[in-house]
Amino acid sequence: MAEPTPNAVARMLGLLGDEWTLLVVQQALLGTTRYGDFQSRLPISNSVLTARLRSLTDAKLLERHSYQSNPPRSEYVITERSRSLWPVLVSIWEWERRWVPDHSDPLPGMRHTSCGGDCAPVVTCGSCGEAASEKDVVAQWGPSGSWSRSIPATATRRRSASDHAAGLFPQTMSVMGNRWGFALLVAAFVGMSRFTDFQTQLNAPPGSIADRLSIFTGIGVFEMSENRYRLTEKGRALFPVLVTALDWAQRWYQASEGPAVILTHTSCGGRFDAVLTCDLCAERLRGARIEAAENLPKNS
Ligand SMILES: [Zn+2]
Ligand SMILES: [Zn+2]
């Protein structure tokens, strides 16, 4: 039997389920373009950086431009595809700030330059404009959806210790920075809870599932009772990360048959597209209008 064609969910898990990819994209969005600058701003080895710059260029998340011929030098410039990942990164930033208090360097607040306030992003429904949460959004497979088409085909290669990002978003990386972890999170959001279901539906190696489940319960994203694994409040708070990532993937990796996942906002009955707004001024957020606040908010 032929391998099923990967759909948008498989692209999402394959591309974003890698911690270094997210960190390199984040640096690129902040304006880093040159090899040496990526290297000095990230705790990354030469071989890992070279490999990620190549895979991101192949995936059209970066474009390589030559700026000097003797000796040859290139820079890596963001594309529309990677620029549009900002809602995912902003959602990760907010989750880490709110749920992971023990950062060695506290994350700065988020400033919305339109209103000047230190803001938090709010997920709203693109159809009705109201705030939305995982409680009022339901997911169904679309024409290109099924678990077999949603799992990326390439095996996660074994990583060396130096291959792990030390970094900025440690807990997000232990959830998302691994394709089985990210797949488990998606499965939990659609209601899957038993070890055997995770294993058979995702067609995952039991060792990988056991490994991720122990990490998820360890950091308090899942809790286990009566042999079922369920999202905790902290886990459910990853909803914005998940819906912004899914929106991004379905925008850039459309299948001719139709979407992989169809989200419906039950409050209004309309199709759910995640739109991030500012909690202070209610304006729709734009990537170019968000910056790190220089000082931590008062009372923190
Ligand atoms: Zn709605
Ligand atoms: Zn605002």
Side-chain angles (χ1 to χ4, degrees), residues 8-9 12 26 29-31 78 83-100 103 106-145 168-169 172 185-186 188-191 231 233 235-252 254 258-300:
V9 177
M12 172 181 89
Q26 182 193 32
L29 289 175
L30 292 170
I78 53 168
R83 190 178 290 118
S84 62
L85 273 171
W86 72 263
V88 183
L89 291 162
V90 159
S91 300
I92 292 173
W93 180 3
E94 178 61 15
W95 185 78
E96 289 274 340
R97 230 157 54 84
R98 192 158 295 223
W99 291 95
V100 188
H103 276 270
L107 285 175
M110 209 178 289
R111 170 101 14 102
H112 185 210
T113 59
S114 303
C115 69
D118 288 353
C119 74
V122 178
V123 176
T124 64
C125 164
S127 293
C128 69
E130 295 297 316
S133 76
E134 81 291 345
K135 295 186 193 73
D136 45 37
V137 173
V138 293
Q140 291 167 284
W141 288 123
S144 64
L168 292 162
F169 300 135
T172 307
L185 183 72
V186 174
F189 266 100
V190 297
L231 289 160
E233 191 187 355
R236 287 193 302 273
L238 284 162
F239 172 76
V241 177
L242 196 61
V243 287
T244 52
L246 186 62
D247 260 15
W248 175 81
Q250 300 216 97
R251 171 176 169 194
W252 292 103
Q254 288 174 6
V261 176
I262 297 167
L263 298 178
T264 305
H265 189 213
T266 53
S267 314
C268 73
R271 195 181 89 164
F272 178 76
D273 291 309
V275 172
L276 297 182
T277 62
C278 169
D279 66 330
L280 302 173
C281 70
E283 191 181 283
R284 184 175 181 151
L285 292 174
R286 313 247 169 232
R289 300 222 159 224
I290 300 167
E291 58 182 34
E294 287 134 36
N295 301 309
L296 288 172
K298 284 185 239 82
N299 307 323
S300 73

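Here the structure is a predicted model, which is why all the values come from computation and not from measurement. As the structure lists them, so they are numbered: ligands from 1, and atoms in each ligand from 1.
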(message) For a distance under 2.8 Å, tell me if Cys119 has an N/O/S atom near the Zn ion (ligand 2).
(response) no

(request) Would you check if there is a donor-acceptor pair between the side chains of Trp252 and Ser84 at a distance under 3.5 Å? (result) yes

(request) To 10°, measure the SG(Cys125)-the Zn ion (ligand 1)-SG(Cys128) angle for me. (result) 110°

(message) What do you get for the angle at the Zn ion (ligand 2) between SG on Cys281 and ND1 on His112, to the nearest 10 degrees?
(response) 110°

(request) Mind checking the OG1-NZ spacing from Thr266 to Lys135? Nearest 0.5 Å is all I need. (result) 11.5 Å

(message) Exactly one of Val90, Val123, Val122 should register a side-chain contact (heavy atoms from CB on, under 4.5 Å) with Pro240. Which one does?
(response) Val123

(request) Could you please spell out the steps behind the side-chain contact (heavy atoms from CB on, under 4.5 Å) verdict for Ile92 and Val88? (result) CA-CA 6 Å; Ile92 292 173; Val88 183; 4.2 Å; yes

(request) Kindly give the atom name of the N, O or S atom of His265 closest to the Zn ion (ligand 1). (result) ND1

